[in-house]
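Below is one structure; the comments refer to it alone.
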Amino acid sequence: MPRVKRGLSGLSLVVGVNKPAGMSSHDVVNRCRSIFGERRVGHTGTLDPMATGVLPICVGPATRLGAYLTGHDKRYRVSIAFGAGTDTDDAAGTVVRTGEVPDRVLDPEFAAAFVASLVGRRKQMPPAYSAIKVNGKKSCEAARAGNIIDLAPRDIEVYDARLLGVHEGDGEELPSWDVSFEVSKGTYIRTLCHDLGQALGCGGCMAALRRTEASNFRIDEAVTLEDVQREGEALLRPTDSLFRQYPAYTIPSTEQERKCLCGNPLRAKFPDGLYRVYGRDGAFLALSEAKDGTLTSKRNFFSV
């Protein structure tokens, strides 16, 4: 393994990795550190080891983007198995409850209507096996040690929920639904699976999970770690590509460019909100916020 440097690669870019099952998000980060020879590598939202799909990776100073990317809405495709519940609310856990699956679960019309009813705002209790920290202790670590931490319910929103398929099962394989979700930050898909099983009276858990969109990366844009190993920097996207949803502003003068890079506020004659700020030569300088007639840099990316 090559010696990993800190801040010497000269890279400040991002790549959407299609995470394989069996690897933790931290495993992917470590692999990318080795590939790019850069210590400053991070991801923008944890995926469980059993899950697959989009895991945006930031390299170099682009890691400063983290706080602005973890809050993005996300899309998933999930397989929900009925008839068994586990201690982790997913198929990797130990079965702690079983129940007879009602016939209506296999009715596509009923299933589609039930899934659609999940759209809206609600309170969600995070699972005990989560990375949430309470008093510096991760809930999942406490749970594995036999201690359950009291977690507070969270406000979440399901923007879209659609039934993709109904599967009867075959004795060894439990009946299941394939569902697509678009959800707000902080939503636990396995908790939605658990809650569905509870509502139907038979228990349920997440059998498989694939994240299909996160931080402006779609699954069809994501690449494998093997691709990253083979093609390296050629697969990296410009940092500003993660902020396509925000309008662009080009600074008109050298003096104002200098002020921006030094973190000084600029006069802003446009609506409040976040902006992608560029220099006169087209270089991405900063992600800035306009408020009350002033444009202030939140993160600078050019002079690093």
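Note that the structure is predicted; figures quoted are calculated from it, not measured.
Aromatic ring orientation, Phe243 versus Tyr246: parallel (interplanar angle below 30°, classes split at 30° and 60°).
The side-chain contact (heavy atoms from CB on, under 4.5 Å) test with Phe181 singles out one residue from Asp160, Leu118, Val119, Thr212, and that residue is Leu118.
Look at Glu289 and Lys291 and you find no salt bridge, because none of the NZ, NE, NH1 or NH2 atoms lies under 4.0 Å from a carboxylate O. Salt bridge Lys123/Asp155: present, at least one basic N to carboxylate O contact under 4.0 Å. Arg218 has a carboxylate O that lies under 4.0 Å from a charged side-chain N of Glu221, or vice versa, which qualifies the two as a salt bridge.
Screening residues 193-216 for salt bridge (charged side-chain N to carboxylate O under 4.0 Å, His left out) gives Arg75-Glu213 as the qualifying pairs, with residues at least two apart or on separate chains. Residue pairs meeting the side chain to side chain donor-acceptor pair (under 3.5 Å) criterion with at least one partner in residues 269-278, sequence neighbours excluded, are Asp240-Tyr278, Arg276-Tyr278. Applying the side chain to side chain donor-acceptor pair (under 3.5 Å) test to pairs two or more places apart or on separate chains, none has a residue in residues 96-113.
The local environment of CZ in Arg31 is crowded, with over 12 non-hydrogen atoms from other residues, nucleotides or ligands closer than 6.0 Å.
Leu266 and Lys259 get closest at one heavy-atom pair: CD2-CB, 3.7 Å. Minimum heavy-atom separation, Val29 to His43: CG2-CD2, 3.8 Å. Of all the heavy atoms in Pro175 and Leu106, the pair that sits closest is CB-CD2, 3.9 Å. What you find for Ala222 and Val54 is that their closest heavy atoms are CB-CG2, 4.4 Å.
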For this session: Would you sort out whether Thr187 and Ser184 count as a side chain to side chain contact (heavy atoms under 4.5 Å, CB included), showing the intermediate values?
Result: CA-CA 6 Å; Thr187 301; Ser184 64; 3.4 Å; yes
For this session: Applying salt bridge (Lys or Arg N to Asp or Glu O under 4.0 Å), run through Arg280 and Glu257 and close with a yes or a no.
Result: CA-CA 8 Å; Arg280 292 180 303 159; Glu257 282 186 21; 3.5 Å; yes
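Annotation: the span from Ser297 atom OG to Leu287 atom CG amounts to 9.0 Å, rounded to 0.5 Å. Going from atom NE2 of His167 over to atom CH2 of Trp177 covers 12.0 Å, rounded to the nearest 0.5 Å.
With hydrogens and angles left out, the side-chain atoms of Ser215 and Thr44 include a donor and acceptor closer than 3.5 Å. Checked by atom type, the side-chain pair Arg267/Thr294 shows no donor-acceptor distance below 3.5 Å.
Residues Val59 and Val14 have side chains not in contact (no heavy-atom distance under 4.5 Å, counting atoms from C-beta outward).
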